[in-house]
Number of protein chains: 2
Amino acid sequence: MRIGELADRAGTTTRTLRYYEQLGLLPARRAGNGYRAYDEEDLRLLRQIRTLQDFGFGLEETRPFVECLQAGHPEGDSCPASLEVYRRKLAELDECITRLQDVRAQVAGQFDRAVRARDGLAAEPSGQAPHCELANERAKE
Amino acid sequence: MRIGELADRAGTTTRTLRYYEQLGLLPARRAGNGYRAYDEEDLRLLRQIRTLQDFGFGLEETRPFVECLQAGHPEGDSCPASLEVYRRKLAELDECITRLQDVRAQVAGQFDRAVRARDGLAAEPSGQAPHCELANERAKE
DNA sequence: GCTGGCGTTGACGTCGGCGTCAAGGTCTAC
DNA sequence: GTAGACCTTGACGCCGACGTCAACGCCAGC
């Protein structure tokens with residue numbers, strides 16, 4: 001199977017596949033003419049990558065899963081390293097969700113206050129600003 | 001007040017202030033020597049921007065708030081355009097949170113299945129992959 | 001006058017995950 | 001033999017919000 005067909009079957013593009021190869025994530029054998037040659041197993045690897053990406057995993061995070069499959073294990077998550085990535089991701093998701101809920105509450109508060117102010121009902125002067133950390137992390141220092 | 005002092009007082013950098021000016025977000029008057037000159041009102045504008053940024057607003061989304069203050073209103077969210085941004089942001093947050101919770105459930109499911117498989121308990125062969133849309137939106141088409 | 005600490009503009013680098021173009025090679029069908 | 005559908009590598013573009021460097025101007029104190 002050549003690159004175009006694999007891309008089509010996985011619902012992605014040739015550019016993406018070359019990029020993955022460049023990262024060493026999805027290496028390809030070569031045919032005599034220099035064309036990349038893939039097989040059904042590569043399609044599995046690729047699908048593993050895409051599935052994880054759909055979950056928000058970065059490409060580097062998918063690497064343990066791919067290597068696990070390449071090592072001959074039945075599933076990409078049959079290896080300890082993959083499970084560890086799952087654990088880290090779950091923690092990350094929890095933190096992210098918590099932060100977003102926090103932000104949502106703060107924004108809703110600001111919104112309500114602003115609407116009440118607009119309606120003439122001068123509530124508390126709003127005190128000080130909420131000063132959160134928010135979604136796309138600024139919680140560096 | 002010059003750019004360095006304003007940056008210090010707002011806890012940001014001069015590069016950031018020049019960038020905001022470049023966007024037309026925080027224009028500066030000029031002293032005779034070409035130095036940017038700011039006053040306390042600019043500090044307010046800047047704090048408004050930073051507060052919203054901490055909530056995850058993009059710079060362009062802060063523009064209505066800044067313009068509202070510049071127009072002389074008591075608060076950045078005293079104007080309809082700002083309230084509209086609040087509304088959009090709340091909807092965006094809700095969607096994002098929902099999606100993340102969805103992803104979290106799917107990842108947790110995968111994790112549990114993998115752990116059970118590892119422990120020898122061959123549960124259902126896992127059927128097909130979850131195939132979600134996930135956090136950083138891939139839900140394009 | 002000279003050092004040091006401010007300021008100025010301009011331009012390139014960063015991060016991820018590719019898109020898009022350019023200039024060519026390869027293979028198949030007609 | 002030639003069109004056109006594939007493939008190759010290389011390189012630049014994009015998004016947002018700045019960081020960082022270069023090369024220079026301005027000003028205060030010694």
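Note that these values count all heavy atoms, side chains included, but never hydrogens, waters or copies made by symmetry. These figures come from a predicted structure and were not determined experimentally. Proteins get letters first, then strands, A, B, ... in listed order; numbering begins at 1 in each.
Closest contact between the side chain of Gln53(A) and the listed nucleotides dC18(C), dG7(C), dT9(D) involves dC18(C). Candidate nucleotides dC12(C), dG16(C), dC7(D) were compared by shortest atom distance to the side chain of Arg2(A), and dC7(D) ranks first. For Tyr19(A), taking side-chain heavy atoms from C-beta onward, the closest of the listed nucleotides dG7(C), dG17(C), dT9(C) is dG17(C).
If you check distances only, the side chain of Arg15(B) does reach the base of dT20(D) with a donor-acceptor pair under 3.5 Å. Side-chain atoms of Tyr35(A) and base atoms of dG25(C) include a donor and an acceptor less than 3.5 Å apart.
Regarding Glu21(A), its CD atom lies at a distance of 15 Å from the C1' atom of dC18(C), rounded to whole Å. Glu60(A) places its CD atom 12 Å from the P atom of dC18(C), with the value rounded to the nearest Å. At whole-Å resolution of the value, CZ in Arg50(A) and P in dG16(C) are 17 Å apart. The interatomic distance linking Leu17(B) (CG) with dG7(C) (P) rounds to 10 Å, in whole Å. Here dA17(D) presents its C1' atom at 16 Å from CG of Leu52(B), a figure rounded to the nearest Å. Distance, Leu26(A) CG to dG17(C) C1': 15 Å, rounded to whole Å. Between the CG atom of Asp8(B) and the C1' atom of dC6(C) there is a distance of 12 Å, given to the nearest Å. Atom-to-atom, CZ of Arg18(B) to C1' of dC18(D) comes out at 12 Å; the value is rounded to the nearest Å.
To the nearest 0.5 Å, the span separating CD1 on Ile3(B) from CG on Leu17(B) amounts to 5.0 Å. Here Arg104(A) contributes atom CZ and Leu90(B) contributes atom CG; the two are 5.0 Å apart, rounded to the nearest 0.5 Å.
Checking side-chain atoms of Thr51(A) against main-chain N and O of Arg47(A) turns up a donor-acceptor pair under 3.5 Å. Side-chain atoms of Asp42(A) come within 3.5 Å of backbone N or O of Asp39(A) as a donor-acceptor pair.
Taking side-chain N and O atoms only, Gln22(B) has no distance below 4.0 Å to OP1 or OP2 of dT9(C). For the OP1/OP2 pair of dG19(D) and a distance below 4.0 Å, the side-chain nitrogens and oxygens of Thr13(B) include at least one atom meeting the criterion.
Arg36(B) comes within 4.0 angstrom of the backbone, heavy atoms only, and of no base.
Looking at which nucleotide of DNA chain D each of Gly32(B) and Leu59(B) is closest to, the 5′-most match is held by Leu59(B). In this structure, Thr16(A) and Asn33(A) both approach DNA chain C, and ranking their closest nucleotides by distance from the 5' end singles out Thr16(A).
Side-chain rings of Tyr86(A) and Phe55(A) stay apart, their centers remaining 6.0 Å or farther from each other.
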